[in-house]
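Working notes, structure below.
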Amino acid sequence: MSRVTLSRYLIEQTRSHNTPADLRFLIEVVARACKEISHAVSKGALGGVLGSMGTENVQGEVQKKLDVMSNEILLEANEWGGHLAGMASEEMDDAYQIPGKYPKGAYLLVFDPLDGSSNIDVNVSVGTIFSVLRCPDQYLSQNDSLNEQAFLQPGTKQVAAGYAIYGPQTMLMLTLGDGVKGFTLDRELGSFVLTHDNIRVPENTAEFAINMSNQRHWEAPVQRYVSELLAGKEGPLGKNYNMRWIASMVADVHRILTRGGLFMYPWDAREPEKPGKLRLMYEANPMSFIIEQAGGASTDGRQRILDIQPSSLHQRVPVFLGSKEEVERVTGYHQE
Ligand code: P6P
């Protein structure tokens, strides 16, 4: 059987689901940028790209050289194409305005250019997370600056979401709202090839992912639930659980997408004014869209993450996502 590349998949989606040409072009451009990021990441010390910039991003996090480089790769790849009204990134305080010399389009691209970058210097998988929204008509203008309000849409408004994971293989996981597809980068051809046609998250699991060093800071219900997981067969859940924590959301979510599991980054008392560590617009929303499209569930502990009405570009949320049964057990939240 001839191999289905990302380009062929997108063309066939256009025929079967009327995927707009500009959206198809957007995904192709983002995928190409991810190939360039993968190449830079894989060079490591040989590319002079490890280590920090000595600067901090809007989150107050130290910026790695590859954070800034990956951000620039995505901006430069997308700004000229005429498919975007604007961009927003974990690495930039404000929305990115499309330069006046280029035409604007109808989509908004939001991304974490290099998630898990604290792992780069120790050669652990990192990734790029992206989310695509339509720009509301009232904000579309070829001449005026894009108002940041245009981005503040609930996750249910996403038209596409995906991530690239730079691990032993470079893969692109993508949803256009019609299930989740996985593409593996064939480095010899330079093409993403469809290798996982219809990904489903197993409904139940015996594996959870959380940073246990924060346990004393969690709310009581989360502490109780995690202690039940640790109690294993002898405990109330009646089965033994395994634990993984890579501290790279892309890698932890990819494992869950592949073999099931529960990912948790709860609110904790270290920074009580912040509702969590992970960012809604370019981490929680795209990952929640993907997980739901694969039959999983995703909540902030009280409501469906995709229903949250954002109040700011870099808003944070608690995240509980993965195998539906486990998400429901820990949060009492029911995913339709
Ligand atoms: P901690 C990476 O910095 C990140 O944003 C996610 O990719 C990851 O899941 C989380 O933070 C790890 O956080 O507190 O365990 O280092």
Side-chain angles (χ1 to χ4, degrees), residues 34 37 41 50-53 55-71 88-92 110-131 161-167 171 173 207-219 222-223 226 243-258 261-272 274-291 296 298-301 305 313-322 327 330:
C34 290
I37 294 170
V41 166
L50 298 185
S52 298
M53 293 288 291
T55 54
E56 285 189 351
N57 62 17
V58 63
Q59 330 285 343
E61 294 167 342
V62 171
Q63 287 183 303
K64 299 285 189 179
K65 288 175 188 168
L66 273 169
D67 281 324
V68 174
M69 181 188 286
S70 303
N71 192 59
S89 162
E90 175 181 294
E91 300 303 328
M92 301 186 296
V110 190
F111 50 83
D112 179 356
L114 202 62
D115 173 68
S117 54
S118 59
N119 285 310
I120 291 169
D121 296 350
V122 293
N123 198 17
V124 168
S125 299
V126 293
T128 297
I129 309 172
F130 65 92
S131 168
Y163 63 83
I165 178 167
Y166 313 119
M171 289 189 72
M173 310 307 280
E207 194 160 73
F208 68 97
I210 196 166
N211 183 339
M212 284 299 294
S213 68
N214 301 328
Q215 183 175 22
R216 63 191 182 285
H217 304 303
W218 300 329
E219 292 175 298
V222 177
Q223 295 212 28
V226 173
M243 197 198 94
R244 288 283 182 274
W245 187 249
I246 304 171
S248 175
M249 186 183 196
V250 169
D252 281 312
V253 170
H254 189 71
R255 184 191 58 254
I256 289 167
L257 202 55
T258 309
L262 172 64
F263 176 93
M264 296 176 276
Y265 210 111
W267 170 93
D268 74 45
R270 287 174 296 172
E271 296 182 287
K274 288 181 185 171
K277 173 175 186 180
L278 301 179
R279 275 63 54 146
L280 175 62
M281 297 299 295
Y282 38 80
E283 289 175 324
N285 268 345
M287 289 308 203
S288 298
F289 189 18
I290 291 166
I291 286 290
S298 180
T299 172
D300 66 354
I305 280 184
L313 205 49
H314 301 290
Q315 175 174 341
R316 298 166 185 264
V317 289
V319 177
F320 301 84
L321 63 77
V327 170
V330 69

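None of the values given here were measured: they were computed from a predicted structure. Whatever order the structure lists them in is the order used to number ligands and atoms, beginning at 1. The first residue in the sequence is number 1, and the count goes up from there.
Side-chain atoms of E207 do not come within 3.5 Å of backbone N or O of G261 as any donor-acceptor pair. For the pair D112 (side chain) and E283 (backbone), a donor-acceptor distance under 3.5 Å is absent. With hydrogens and angles ignored, the 3.5 Å screen pairs no side-chain donor or acceptor of R270 with any backbone N or O of W267.
Here L278 has side-chain heavy atoms under 4.0 Å from ligand 1, and that is the only part of it that gets that close. Of the heavy atoms in R270, none comes closer than 4.0 Å to ligand 1.
Closest to atom 14 (O) of ligand 1, if we only count protein heavy atoms, is Y265 OH, 2.6 Å. Remark: minimum distance from atom 11 (O) of ligand 1 to any protein heavy atom is reached at K277 NZ, 3.2 Å. With respect to atom 8 (C) of ligand 1, the closest heavy atom belonging to the protein is M249 N, 3.6 Å.
Listed by atom number, the atoms of ligand 1 under 4.0 Å from A247 heavy atoms are 2 (C), 8 (C), 12 (C). Short contacts between ligand 1 and R279, defined as distances under 4.0 Å to a heavy atom of the residue, involve ligand atoms 5 (O). Within ligand 1, counting atoms from 1 as listed, the ones closer than 4.0 Å to a heavy atom of S248 are 7 (O). With ligand atoms numbered from 1 in the order given, ligand 1 contributes 5 (O) to contacts under 4.0 Å with heavy atoms of E283. Remark: ligand 1 atoms within the under-4.0 Å shell around heavy atoms of D115 are 5 (O), 6 (C), 7 (O).
The minimum heavy-atom distance between S248 and V126, with the atom names listed, is OG-CA, 3.8 Å.
Residue-to-ligand polar distances place N211 within reach of ligand 1: an N/O pair is separated by less than 3.5 Å.
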Exercise for the section: Would you please test R316 and K277 for side-chain contact (heavy atoms from CB on, under 4.5 Å) and show each step? Expected result: CA-CA 6 Å; R316 298 166 185 264; K277 173 175 186 180; 4.0 Å; yes
Practice task
Mind running side-chain contact (heavy atoms from CB on, under 4.5 Å) on Y163 and L257 for me, showing each step along the way?
Solution key: CA-CA 12 Å; Y163 63 83; L257 202 55; 3.3 Å; yes
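The aromatic rings of Y282 and H314 lie perpendicular to each other, with more than 60° between the two planes, well past the 30° mark.
Residues P113 and D67 have side chains not in contact (no heavy-atom distance under 4.5 Å, counting atoms from C-beta outward).
Residue-ligand proximity: S118 is placed with every non-hydrogen atom at 4.0 Å or more from ligand 1.
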